Amino acid sequence: MATYKEIFGTNIEVLASDPANPVAGQVWYNSTDNVVKGSALTTAGAWSSVNSLNTGRYAGGGAGTTNAGLYASGVGTGGADKTEVESWNGTSWTEVSDVNNGRNGLENQSVGTQSDAMIFSGYDDTGSVVVDTEKWNGSSWTEVNNVNTGSGYGGGAGTSTAAVFAGGFPTRSALTELWNGSSWTEVNDLNTGRYNIGSSNSAPSTSMIVFGGGPPNTGATEQWNGTSWTETNDMNTARNALSGAGVYTSALGFGGNPAGSVVGLTEEWNGSTWTEVADMSVASVYRGALGLTSSALAIGKGTTDHTDVELWTGAGAPVTFTFTDS
């Protein structure tokens, strides 16, 4: 039998830890774990469980990437809003400075990066609307100008200097507002007013999609071009209380409640149509979200385990695996 060196012309690398950015086909011996590992590209997207939040909650706001993320506020056990904020380094969560005003309904109403983020509007645990906007500078939160019409469970995209906010419960179900870095301005409404919607939550603010929501439950998808909304192809499964990640040409919609039962359904948007892909590990609603279709996080959930976090790894992404004898 030929050896690895005879086939590839080199010995297997011996490393004390896994390489930070392995390439597809790379093989190495991890001398700390005493195993042979390799890197390959995934053929299909899938969800996997990762390290849990320190403080359990759901309907909070996510921002950033799966290597450098942020999760702010949300509803904790017993229905009380939390002010806690946690940062994610790709492996674990660390508590950082609290928001000034705890709230919920933020799962698609947060934008930005781990060091420059923003949350806007929402609800407090008494059921009262919160109109505050708060900006994060990497160390603390500062209140800035309020939204014109407060709501929760709407959709948002952009950055802390240029954002769009659409839909929500109860009174602004079709309203859209733009943030220019200092104030909010009302612009053209959605075609279908709704709340409990998903959205492509990444920049830019001049192009995003919103999808799903209700009532009644809908799979309607609308695209924003910076001026107005255009209806495009519906999701395969109409539902509310779902979450979204990505950009307007490539997005994920996951979880939700289609007909009185919580699901783990995930659909991927390619810029024109939705395709069902792998389900979440656990059916859930009201999850915080961040990232892209290549790599995204679903954070907390509105079922029993509010600390749960799942990682989406899209098709074609590099993954590390361990060789076994079988």
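In this text the structure is predicted, and so the values were computed from the model without any measurement.
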Between [X] and [Y], is any side-chain donor less than 3.5 angstrom from a side-chain acceptor?
X      : Y      : value
Asn257 : Asn240 : no
Asp124 : Thr126 : yes
Ser182 : Asn180 : yes
Thr221 : Trp274 : yes

So does [X] pair up with [Y], basic N to acidic O under 4.0 Å?
X      : Y      : result
Arg239 : Glu267 : yes
Glu134 : Arg103 : yes
Arg287 : Glu310 : yes

Heavy-atom side-chain contact between [X] and [Y] under 4.5 Å:
X      : Y      : value
Val36  : Thr322 : no
Ser140 : Asn137 : yes
Trp47  : Asp279 : no
Met280 : Thr266 : yes
Phe165 : Trp184 : yes
Leu292 : Ser202 : yes
Glu107 : Leu242 : no
Trp28  : Pro22  : yes

What closest approach, in Å, do [X] and [Y] show between heavy atoms, and which atom pair accounts for it?
X      : Y      : result
Ala289 : Phe254 : CB-CZ, 3.6 Å
Ser73  : Asn101 : OG-O, 4.4 Å
Phe120 : Thr133 : CB-OG1, 3.9 Å
Gly291 : Ala245 : O-CB, 3.6 Å
Ser284 : Lys301 : CB-CD, 3.3 Å
Gly45  : Ala278 : O-CB, 3.4 Å

> Centres of the Trp269 and Tyr248 rings: under 6.0 Å?
Replying inline: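 Centroid distance Trp269-Tyr248: not below 6.0 Å, so no.
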> Could you walk me through whether Asn51 and Val309 pass the side-chain contact (heavy atoms from CB on, under 4.5 Å) check?
Replying inline: CA-CA 7 Å; Asn51 282 327; Val309 180; over 6 Å; no
>> Assess the residue pair Tyr153 and Phe169 against the criterion (ring pair (Phe, Tyr, Trp, His ring centres under 6.0 Å)); give the C-alpha distance rounded to whole Å, side-chain angles, the decisive distance to 0.1 Å, and a yes or no.
In response: CA-CA 6 Å; Tyr153 306 97; Phe169 176 85; 7.6 Å; no
> Given the rule in the side chain to side chain donor-acceptor pair (under 3.5 Å) test, do Asn148 and Glu177 qualify, once you have shown the distances and angles that lead to the verdict?
Replying inline: CA-CA 8 Å; Asn148 293 287; Glu177 297 189 35; 2.9 Å; yes
[X] side chain to [Y] main-chain N or O, any donor-acceptor pair under 3.5 Å?
X      : Y      : value
Asn89  : Thr91  : yes
Tyr195 : Gly167 : no
Ser173 : Gly168 : no
Thr83  : Asp98  : no
Trp136 : Gln114 : yes
Asn201 : Gly244 : yes

To the nearest 0.5 angstrom, please state how far the [atom1] atom of [X] sits from the [atom2] atom of [Y].
X      : Y      : atom1 : atom2 : result
Asp132 : Ser121 : CG    : OG    : 8.5 Å
Gln223 : Asn191 : CD    : CG    : 12.0 Å
Ile299 : Glu86  : CD1   : CD    : 9.5 Å
His306 : Ser52  : NE2   : OG    : 13.0 Å
Asn270 : Thr293 : CG    : OG1   : 10.0 Å
Thr113 : Leu290 : OG1   : CG    : 11.5 Å

Taking [Y] as the starting point, is it possible to reach [X] by hopping between hydrophobic residues whose side chains are less than 4.5 Å apart?
X      : Y      : value
Leu70  : Leu311 : no
Val187 : Ile197 : yes
Val285 : Val75  : yes
Leu175 : Val131 : no
Val50  : Leu53  : yes

>> Is there a salt bridge (charged side-chain N to carboxylate O under 4.0 Å, His left out) between Glu222 and Arg194? Walk through the geometry before answering.
In response: CA-CA 12 Å; Glu222 297 189 39; Arg194 50 195 139 148; 2.9 Å; yes
Distance-only criterion, 3.5 Å: show the donor-acceptor pairs between side-chain atoms of residues 204-212 and protein atoms not counting sequence neighbours.
from   : atom 1 : to     : atom 2 : distance (Å)
Ser205 : OG     : Ala162 : O      : 3.4

>> As a quick check of understanding, evaluate side-chain contact (heavy atoms from CB on, under 4.5 Å) for Val99 and Ile119, giving each step before the final call.
In response: CA-CA 9 Å; Val99 297; Ile119 59 173; 3.8 Å; yes
> Between Trp224 and Val164, is a side-chain contact (heavy atoms from CB on, under 4.5 Å) present by the stated rule, with each step listed?
Replying inline: CA-CA 9 Å; Trp224 171 253; Val164 57; 4.1 Å; yes
> Between Val85 and Ser97, is a side-chain contact (heavy atoms from CB on, under 4.5 Å) present by the stated rule, with each step listed?
Replying inline: CA-CA 6 Å; Val85 180; Ser97 297; over 6 Å; no
>> For Tyr123 and Asp81: C-alpha separation, side-chain torsions, deciding distance, then whether side chain to side chain donor-acceptor pair (under 3.5 Å) applies.
In response: CA-CA 9 Å; Tyr123 277 84; Asp81 283 337; over 6 Å; no
> Would Thr149 and Glu186 count as a side chain to side chain donor-acceptor pair (under 3.5 Å) if you check the C-alpha gap in whole Å, the side-chain angles of each, and the deciding distance to 0.1 Å?
Replying inline: CA-CA 9 Å; Thr149 305; Glu186 290 189 11; 3.2 Å; yes
> Stepwise, does the side chain to side chain donor-acceptor pair (under 3.5 Å) test hold for Asn30 with Asp18?
Replying inline: CA-CA 7 Å; Asn30 186 308; Asp18 296 340; 2.9 Å; yes
